[in-house]
Amino acid sequence: MATPQIDKLISILENIASGIYQFELPVFESPEFQRLAESIQHASASFEKKYRRQRLLNSITEYINNGLTLNDILDYVYNSFQEIIPYDRIGIALIEEEEKLIKVCCVRSKATVIKINRGYSAPIEGSSLAAIIESGQPRIINDLEIYLKNHPDSVSTRLILEEGMRSSLTCPLISSRKPAGFIFFSSMQVDTYKDLHIDIFLEIARQLSVIFEKSRMYEELIQLNELKNKFLGIAAHDLRSPIGVIKNFIILFLNGYIGEIDEKQRKVLMTMDKNCDRMLNLIHNLLDFSAIESGKLDLKLEQLDLHKFFHTYQSMTKSLAEKKQIELKMDIEADLPNITVDSNRIMQVLDNLVTNAIKFSYPNTTVTISARKQDESVKISVADQGQGIPENEISKIFKEFSKTSVKPTGGEKSTGLGLAIVRRIIEAHNGTIDVDSTVGKGTTFTITLPIKS
Ligand SMILES: Nc1ncnc2c1ncn2[C@@H]1O[C@H](COP(=O)(O)OP(=O)(O)O)[C@@H](O)[C@H]1O
Ligand SMILES: [Mg+2]
């Protein structure tokens with residue numbers, strides 16, 4: 001008698017088990033079955049809600065692992081949790097231990113005027129936050145107006161009320177078992193927060209606590225990196241002029257303007273001049289690198305006639321190759337389109353690749369520059385018959401200051417900056433660079449540049 005009804009319920013349960021949480025409530029003759037079905041529907045809706053929350057929480061973790069900053073993560077939380085928990089404003093404040101302050105580091109709000117914004121700070125001592133730090137437990141204020149009446153000195157409550165907020169929930173952020181800050185959820189309605197919200201809020205706070213430390217370190221690293229680039233830039237810049245002056249004096253000597261010089265002196269001066277060039281070259285690379293690193297690589301895009309470009313380059317570089325008895329061959333497709341690039345930068349790229357090819361090759365070999373069109377891109381390759389790069393070292397060649405076990409064959413100098421700069425220039429053009437190398441046979445670098453960057 002009950003079998004068809006049980007079958008119906010079983011099929012609903014099977015659907016739920018396979019992730020279908022929504023179903024139309026069947027009509028049963030027996031009131032017991034009807035109640036059972038209703039409570040299954042209720043349970044299913046609650047499962048779905050929990051499942052969605054869990055998925056959102058997991059997605060925060062995923063976000064965090066992708067190395068984003070606290071600000072990005074807050075954006076994500078603000079946008080994605082609205083559907084399951086109520087708030088019109090989220091703020092995060094961090095404890096600055098030395099100054100015994102809390103300092104707001106990010107805010108997302110629906111309010112038109114934001115009174116408590118990034119950078120706002122307040123002493124912890126004497127504030128109600130001290131109690132939250134002490135207990136480690138969240139606090140709900142269900143009517144901020146009443147709270148202000150009872151705590152007329154609370155500046156932050158007054159300001160948040162001026163933003164239009166009426167109730168709030170404050171969760172402590174814990175990092176390495178120590179209180180590290182707070183996440184504030186606020187709502188424009190009174191009585192928004194119930195104890196039932198606390199679990200999910202606490203879970204968000206827990207997740208944020210974990211990542212918060214990470215993103216603080218990440219931000220610190222970014223700052224340190226910027227500082228390093230600035231230092232590099234200043235140091236290199238201040239070295240450039242005096243070395244330039246020295247070089248000019250050497251040239252005056254060499255040209256006999258300071259007085260007669262003999263052959264021995266000439267040799268010494270020539271060596272000094274060569275070393276000045278080396279220093280200047282290194283300084284240019286360092287300046288380039290620090291500018292590129294700090295995002296100051298401004299491309300001067302223009303139409304480039306590739307045939308002219310390769311022709312000029314070949315005549316410029318022939319003698320460098322000949323000095324090492326290396327043949328420089330060109331294999332340029334006849335009907336190459338013009339490309340939109342910063343031609344000086346692309347010249348710098350090509351020169352780096354060709355200089356490397358010559359530097360790491362033996363005499364009586366060939367270096368070939370080739371270019372062809374492929375789809376909406378132009379591929380430019382520099383192939384040598386040199387030593388090749390061991391497979392396990394390939395991954396590091398584009399990192400700054402990294403060299404491999406492959407050494408220059410003619411006593412040339414090496415700093416390991418060239419390819420790092422090359423890669424950044426190519427990426428700024430939305431292009432790519434690939435390398436194909438076999439030890440004992442040679443290396444081919446191929447850059448792919450979109451015809452329109
Ligand atoms: N064509 C090549 N053949 C073999 N090794 C190469 C070649 N180009 C680059 N390398 C390796 O990659 C390293 C990094 O190159 P790069 O950044 O241009 O620095 P540098 O030229 O100052 O050494 C080189 O030191 C060398 O070990
Ligand atoms: Mg190089």
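All ligand and atom numbering here is 1-based and tracks the order in the structure.
At a heavy-atom cutoff of 4.0 Å, ligand 1 is surrounded by N356, A357, K359, F360, D384, I389, I397, S402, K403, T404, V406, S414, T415, G416, L417, G418, L419, T443, F445.
No donor-acceptor distance shorter than 3.5 angstrom exists from the side chain of T438 to the backbone of K441, with no hydrogens or angles considered.
Under the 30°/60° scheme for interplanar angles, the aromatic rings of Y87 and Y78 are found to be tilted.
Taking backbone and side chain together, T355 holds no N, O or S atom under 2.8 Å from the Mg ion (ligand 2).
With respect to the salt-bridge test (charged N to carboxylate O, under 4.0 angstrom), the residues E333 and K373 do not qualify.
When the options I451, L306, V378, D305 are evaluated for a side chain to side chain contact (heavy atoms under 4.5 Å, CB included) with N338, the one that passes is D305.
Qualifying side chain to side chain donor-acceptor pair (under 3.5 Å) partners for Y120, counting only residues two or more places apart in sequence or in other chains: none.
In this structure, Y21 has its ring center under 6.0 Å from that of Y51.
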